[in-house]
Amino acid sequence: MRILVLGSGGREHAFSWKIAQSPRCEALFIAPGNAGTAAVGTNVNLAVNDFEGIGSFVKQENIDLVVVGPEDPLVNGISNYFKADPQLAEIGLVGPSKEGAQLEGSKDFSKQFMERHQVPTARSRTFTKATLEEGLNYVSSHPLPVVLKADGLAAGKGVIIAESHEQARETLKEMLVDAKFGEASSRVVIEQYLDGIELSVFVLTDGENYKILPEAKDYKRIGEGDTGLNTGGMGAVTPVPFANASFLQKVEDRVVKPTVNGLKSEGIDYKGFIFIGLMNVNGDPYVIEYNVRMGDPETQVVLPKIKSDLLDLLLATTDGTLGQTEYTTHDEAFTTVVMVSGGYPGSYPKGYAIRGIDEVNEATVFHAGTKSGDDKAVLTSGGRVLAVTGKGDSVEKALENAYNGVSKISWQDEYHRRDIGQDILKLINQ
Ligand code: AMP
Ligand code: GLY
């Protein structure tokens with residue numbers, strides 16, 4: 001099998017690392033990749049939204065399977081682009097059609113989808129510039145806090161949790177009138193605040209059948225104790241103790257089944273990952289959002305947790321044989337700690353030399369924003385730079401391994417949270 005992974009983050013390094021372990025993997029390419037993916041495959045200098053370039057490369061290199069990492073090309077219709085070309089239509093592509101990607105690309109679409117299929121979610125209404133007055137009245141009488149969401153993709157920044165009616169009205173005006181998030185906030189979903197503990201559940205579907213993958217908890221805020229600005233994710237843990245069998249059964253019955261069946265009944269072509277962001281509200285799952293890809297950094301714990309050959313699962317997804325495919329997991333816990341450039345999620349300098357990666361033997365180092373410099377030096381080239389994944393018989397032991405790995409790596413102004421997994425340890429020790 002010849003495989004192409006699209007993307008350049010820690011998620012894509014984890015995909016490549018796991019795919020490269022498959023005996024069926026003959027050649028692995030990553031576009032555009034990073035310094036870490038270059039060690040497990042061949043980086044290709046193509047942007048993830050350059051469909052023509054990707055299509056030509058796939059033909060030229062006889063690629064059998066394309067794995068799409070980020071949401072952007074999916075929302076832009078890479079799957080439809082492949083389907084429209086007789087030669088490319090034959091190639092397996094893990095990722096939904098443009099229509100399916102609307103589950104992430106439009107919050108309004110996803111809310112309406114959940115309503116149609118009775119998937120539990122926060123009550124909401126959608127407003128546009130034309131219904132601004134109505135929207136302002138609506139937020140003014142809404143219980144606090146109230147959640148405002150830009151409809152379209154806003155690089156993880158489009159959600160504002162307003163603590164006062166004044167702030168809610170201001171935010172709504174900024175989004176609709178001042179186009180705070182550009183076109184993405186030309187529609188705003190206003191929804192009820194859900195009070196609970198968050199959890200990410202990952203599903204792989206071939207459109208008919210599905211497999212629920214290991215769940216994970218993400219740490220979104222930059223600061224310790226879940227404070228400060230939102231980021232792409234500062235760490236992750238699997239397994240999550242409150243995701244016990246009875247909770248996961250509720251997730252499967254109330255969320256996963258109606259979602260997969262809903263896509264099918266609406267004739268939406270969906271072969272790929274569904275990442276379900278959930279709130280556990282007093283033991284009941286409510287969907288906060290769908291994403292149409294794997295999470296980053298959740299992938300850096302979910303894939304290590306999977307024992308089976310990932311390539312078998314991915315091929316079953318594109319072949320439509322997921323129903324006959326099983327997978328097993330390791331018993332151990334996995335945690336990842338994200339090391340970022342000082343300044344992130346605001347602006348930050350790039351190009352610092354990273355020291356110590358080779359000294360890490362108790363953990364796996366996944367690269368995100370890195371690039372190769374001269375003399376094999378690895379340089380920082382993004383906000384999230386590395387994700388260091390530890391494994392252990394307990395979450396505590398996994399954290400110890402991850403943090404021991406982190407302690408060996410350094411660069412100028414490096415930052416990471418020191419409290420990843422602490423809330424989970426508290427829950428375990430309760
Ligand atoms: P999203 O961009 O949809 O992932 O939202 C970002 C974060 O905002 C989520 O991870 C939650 O922590 C929070 N959030 C979103 N919607 C709600 C809600 N209805 N109630 C409480 N928190 C929410
Ligand atoms: N870590 C959250 C995400 O990938 O969206």
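For reference, positions follow the sequence shown, starting with 1. Counting starts at 1 for both ligands and their atoms, in listed order.
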Examine K220 against ligand 1 and note whether any of their N/O atoms are separated by less than 3.5 Å.
yes

Is the shortest heavy-atom distance from the side chain of V139 to the side chain of I190 under 4.5 Å?
yes

Considering only heavy atoms of E289, which atoms of ligand 1 have at least one such atom less than 4.0 Å away?
1 (P), 2 (O), 3 (O), 4 (O)

Does Q112 use its side chain to pair, donor to acceptor, with the backbone of F109 at less than 3.5 Å?
no

Nearest atoms (heavy-atom pairs only) where T37 meets S16:
CG2-OG, 4.1 Å

Does a side-chain N-to-carboxylate-O contact under 4.0 Å join K211 and D206?
no

Options I161, V287, N230, ranked by nearest heavy atom to atom 13 (C) of ligand 1, top entry:
I161

Counting heavy atoms only, name the option from T121, V146, V159 that's nearest to atom 8 (O) of ligand 1.
V159

Measure the OG1-CD1 distance between T171 and I160 for me, rounded to the nearest 0.5 Å.
5.5 Å

So, using side-chain contact (heavy atoms from CB on, under 4.5 Å) as the criterion, who are the partners of K391 when residues are at least two apart?
E332, F334

Heavy atoms under 4.0 Å from ligand 2: which residues qualify?
D218, G232, F275, R293, G295, D296, P297, E298

Test: K350 cationic atom under 6.0 Å from Y348 six-membered ring centre, within 45° of axis
no

Region of Q192 that comes within reach of ligand 1 [heavy atoms, distance under 4.0 Å]:
backbone

For P349, all residues meeting side-chain contact (heavy atoms from CB on, under 4.5 Å), sequence neighbours excluded
Y352

Looking at Y270 versus F113, is the centre-to-centre ring distance below 6.0 Å?
no

Nearest candidate to atom 14 (N) of ligand 1, where distance is taken over non-hydrogen atoms, out of N291, D195, V281, I288:
I288

For ligand 1, which atoms, with element, lie under 4.0 Å from some heavy atom of M279?
21 (C), 22 (N)

Pair E198 + K220, salt bridge at N-O below 4.0 Å
yes

Provide the number and element of each atom of ligand 1 under 4.0 Å from a heavy atom of Y193.
20 (N), 21 (C), 22 (N)

Over-ring placement of R125 relative to Y138, 6.0 Å and 45° cut-offs
yes

Go through ligand 1 atom by atom and flag the ones less than 4.0 Å from a non-hydrogen atom of E191.
16 (N), 17 (C), 18 (C), 19 (N)

Interfacing atoms of ligand 1 (cut-off 4.0 Å, heavy-atom, K149)
3 (O), 15 (C), 16 (N)

Quick one: which residue pairs count as a salt bridge (Lys or Arg N to Asp or Glu O under 4.0 Å) with a foot in residues 67-81, not counting sequence neighbours?
E71-R293

Any atoms of ligand 1 less than 4.0 Å from a non-hydrogen atom of K107? List them with their elements.
2 (O), 3 (O)

Numbered atoms of ligand 1 (with element) below 4.0 Å of V147, judged on heavy atoms
16 (N), 18 (C), 19 (N), 20 (N)

